[in-house]
Amino acid sequence: MLNQNILALGKKRSTIREIFEFGNQRAKLVGRENIFDFSLGNPNVPAPDSVQHAVRDIINTKHPSAIHGYTSAQGSEDSRTAIAESLNARFGTDYSAKNLYLTLGAAASISLCFKALTASPADEFIVFAPFFPEYQVFIEHGAGAKCVVIPAQVQDFQINFEEFEKKLNPHTKGVVINSPNNPTGVVYSAETISRLSALLTTKSEEYGHPIFLISDEPYREIIFDGIEVPFIAPKYKNTLVCYSYSKSLSIPGERIGYVLVPNTVDDFGDVYAAICGAGRVLGYVCAPALFQQVIARCAADIADISIYEKNRNILFEGLTSMGYSCVKPEGAFYLFPKTLEENDQAFCERAKKYDLLLVHGTDFGAPGHMRIAYCVQTETVQRALPLFEKLAKEYGL
Ligand code: PLP
């Protein structure tokens with residue numbers, strides 16, 4: 001007898017993957033160039049040259065055992081030190097290797113946090129809709145805790161504080177935020193962050209235990225219009241930062257990222273040790289050794305992400321001028337407009353007849369919307385616009 005919940009997860013591909021596979025089948029019939037696949041958040045810009053140089057240099061100059069061998073479970077001290085120094089230079093912090101646990105991208109980082117913090121099945125983690133769907137899987141099936149969803153504040157996709165306050169209770173173990181956000185592209189304002197931090201401080205005192213803020217930040221560097229994303233860790237002492245180089249360095253297949261546990265976290269030593277323990281339990285030890293070394297050299301670098309802002313501008317202006325309604329994203333590479341009928345699944349099905357592959361908002365906990373991942377060639381975005389227009393005409397716009 002297998003674990004039926006886990007079996008069901010394995011049998012059902014995520015909607016995003018389903019659409020992606022549908023696109024691959026259609027491409028065989030009509031040609032890849034005629035498929036407008038906006039389903040997957042797979043960065044389409046190349047990794048910066050520094051990454052290629054680092055890989056070549058490491059391979060050409062180091063002994064194979066020093067490249068491919070095991071490192072410490074939490075990552076090599078050299079790599080963790082280099083990352084800490086890069087954060088300190090940028091944010092004026094004083095992190096060191098002991099604050100970092102290197103792991104396999106943001107997915108592993110957030111899974112580790114949920115696992116490390118869950119002490120009982122009654123523990124709750126709050127997520128704000130719309131949210132990265134895997135949170136629910138990691139919380140409920142990975143950690144065995146409860147996932148509590150706060151409905152979306154659709155006019156701006158900032159935090160719906162009224163609903164949030166209602167759901168906070170002594171079982172609340174952690175709160176997950178993701179800014180810049182997948183799927184909306186919205187960046188939390190300084191006001192949202194300070195209100196959130198004040199509320200969590202008050203409630204932690206009231207309940208007599210910390211409420212951890214799990215800040216999932218794989219899109220931290222992908223921001224537009226010259227805005228600044230506040231670095232959250234110094235603003236709330238019990239923050240755990242989950243970071244990934246997947247998007248900023250365009251290396252999602254290399255699986256490298258980290259959990260940052262600042263010294264300010266209550267019982268810092270135990271929380272860090274619990275992250276290490278979660279790494280043992282889930283097997284997320286010793287992040288890929290070659291890429292630990294690459295990151296040690298490239299932690300401050302970033303891929304040329306200018307195409308995302310260009311695509312955002314073309315798509316946002318194009319769609320809103322046709323009558324689609326959308327909150328303007330300030331980061332990441334997603335647009336999350338309202339669908340032109342309430343049933344977002346029916347809308348996305350209808351879009352398929354133009355080979356426009358979109359992901360319905362229901363999957364992210366915000367029905368009535370669609371996610372458009374525009375990490376594609378600008379030409380694809382431009383050629384898709386007339387198809388979005390045809391679709392809009394079907395709804396009388
Ligand atoms: N968190 C969010 C919000 C994401 O959008 C993604 C990937 O798209 C992840 C986590 C997982 O990222 P990684 O590839 O680094 O595991």
Side-chain angles (χ1 to χ4, degrees), residues 41 43-62 66-67 71-72 74-109 178-180 187 215-235 239-264 287-309 330-333 375:
N44 68 316
V45 302
D49 289 347
S50 58
V51 168
Q52 306 294 328
H53 291 150
V55 170
R56 287 202 186 94
D57 189 52
I58 293 164
I59 286 177
N60 290 334
T61 59
K62 288 200 171 180
I67 304 172
T71 66
S72 312
Q74 65 268 46
S76 83
E77 180 142 4
D78 285 353
S79 304
R80 288 182 291 126
T81 302
I83 294 169
E85 284 172 358
S86 148
L87 288 168
N88 295 342
R90 198 157 149 216
F91 300 117
T93 45
D94 61 351
Y95 303 131
S96 68
K98 71 177 180 15
N99 299 108
L100 288 156
Y101 184 98
L102 304 195
T103 188
L104 289 85
S109 305
N178 167 224
S179 168
V187 173
S215 181
D216 180 24
E217 307 182 357
Y219 302 97
R220 185 166 69 210
E221 281 74 28
I222 306 179
I223 41 171
F224 313 139
D225 306 323
I227 62 150
E228 287 209 2
V229 179
F231 185 56
I232 287 156
K235 307 205 182 298
T239 300
L240 304 179
V241 176
C242 298
Y243 187 75
S244 161
Y245 294 93
S246 296
K247 319 285 174 172
S248 60
L249 285 179
S250 260
I251 52 168
E254 304 300 351
R255 314 307 299 136
I256 187 92
Y258 59 76
V259 182
L260 169 75
V261 186
N263 290 337
T264 53
L290 171 59
F291 267 79
Q292 288 192 39
Q293 296 172 63
V294 171
I295 295 303
R297 300 181 188 202
C298 305
D301 297 345
I302 183 158
D304 177 4
I305 52 168
S306 52
I307 187 176
Y308 300 142
E309 185 159 2
E330 293 179 305
F333 37 57
C375 42

Q) Taking atom CD1 of Ile222 and atom CD of Glu309, what is their separation to the nearest 0.5 Å? A) 11.5 Å

(Q) Going by the rule side-chain contact (heavy atoms from CB on, under 4.5 Å), which residues pair with Asp49 if we only count those two or more places apart in sequence or in a different chain? (A) His53

Q) Is the closest side-chain heavy-atom distance between Leu102 and Ile295 below 4.5 Å? A) no

Q) Any chance the side chains of Gln74 and Ser72 put a donor and an acceptor closer than 3.5 Å? A) no

Q: Would you check if Pro218 and Asn178 make a side-chain contact, meaning some heavy-atom pair closer than 4.5 Å?
A: yes

Q: List in chain and number order the residues that pass side chain to side chain donor-acceptor pair (under 3.5 Å) with Ser50, two or more places apart in sequence or in another chain; answer none if no residue qualifies.
A: Asp301

Q. CD of Gln292 to CD1 of Ile67: how many Å apart, nearest 0.5 Å?
A. 13.5 Å

Q. Side chains of Asn263 and Asn99: does their closest heavy-atom pair fall under 4.5 Å?
A. yes

Q. How far apart are the closest heavy atoms of Ala303 and Pro46, and which atoms are they?
A. CB-O, 3.6 Å

Q | Shortest non-hydrogen contact between Pro43 and Cys375, atoms and distance | A | CA-CB, 4.3 Å

Q: Would you please name every residue forming a side chain to side chain donor-acceptor pair (under 3.5 Å) with Thr239, sequence neighbours left out?
A: none

Q | Pairs satisfying side-chain hydrogen bond (donor to acceptor under 3.5 Å, both in side chains), at least one member in residues 222-235, at least two apart | A | Asp225-Arg312

(Q) Just verifying a value: how many Å separate Leu87 CG and Asp94 CG, rounded to the nearest 0.5 Å? (A) 11.5 Å

Just list the side-chain donor-acceptor pairs under 3.5 Å for residues 253-262, sequence neighbours left out, or say none.
{"from": "Arg255", "atom 1": "NH1", "to": "Pro252", "atom 2": "O", "distance (Å)": "3.0"}
{"from": "Arg255", "atom 1": "NH2", "to": "Leu104", "atom 2": "O", "distance (Å)": "3.3"}
{"from": "Tyr258", "atom 1": "OH", "to": "Arg220", "atom 2": "NH2", "distance (Å)": "3.3"}

Q. What pairs with Ser306 under side chain to side chain donor-acceptor pair (under 3.5 Å), at least two apart in sequence or on another chain?
A. Asp304

(Q) So, using side-chain contact (heavy atoms from CB on, under 4.5 Å) as the criterion, who are the partners of Glu85 when residues are at least two apart? (A) Thr81

(Q) Minimum heavy-atom separation for Ser248 and Tyr243, please, with both atom names. (A) OG-OH, 2.9 Å

Q: Indicate the atoms forming the closest heavy-atom contact of Gln52 with Ala47, along with that distance.
A: NE2-CB, 4.3 Å

(Q) Test of understanding: with ring-ring contact (aromatic ring centres under 6.0 Å, His included), list the residues that count as partners of Phe231, not counting sequence neighbours. (A) Phe91

Q. When rounded to the nearest 0.5 angstrom, what distance separates CD in Glu221 from NZ in Lys247?
A. 13.0 Å

Q: Report the residues that fulfil ring-ring contact (aromatic ring centres under 6.0 Å, His included) with Tyr101, sequence neighbours left out, ordered by chain and then residue number.
A: none

(Q) If you define the side chain from C-beta out and look only at heavy atoms, does anything of Phe291 sit under 4.5 Å from Ile58? (A) no

Q.
Under the rule for ring-ring contact (aromatic ring centres under 6.0 Å, His included), what residues qualify as partners of Phe333, not counting sequence neighbours?
A. Tyr219, Tyr308

Q.
If you count heavy atoms of other groups shown closer than 6.0 angstrom to CD of Glu77, is the number above 12?
A. no

Q | Flag side-chain contact, heavy atom, 4.5 Å: Tyr245 against Ile83 | A | yes

Q) What distance separates Ile251 CD1 from Ser244 OG, expressed to the nearest 0.5 Å? A) 7.5 Å

Q. Between Val229 and Pro180, is any pair of side-chain heavy atoms under 4.5 Å apart?
A. yes

Q | Residue pair Asn44, Ile307: steps toward the side-chain contact (heavy atoms from CB on, under 4.5 Å) verdict | A | CA-CA 9 Å; Asn44 68 316; Ile307 187 176; 3.9 Å; yes

Q. Would you say Pro48 and Ile302 make side-chain contact, with heavy atoms under 4.5 Å?
A. no

Q: Determine the minimum heavy-atom distance between Ala54 and Cys298, stating which atoms define it.
A: CB-SG, 4.1 Å

Q. Who are the side-chain contact (heavy atoms from CB on, under 4.5 Å) partners of Ala296, not counting sequence neighbours?
A. Ser79, Ala82

Q. Taking only residues two or more places apart in sequence, or in another chain, which ones meet Asp57 in a salt bridge (charged side-chain N to carboxylate O under 4.0 Å, His left out)?
A. Arg297

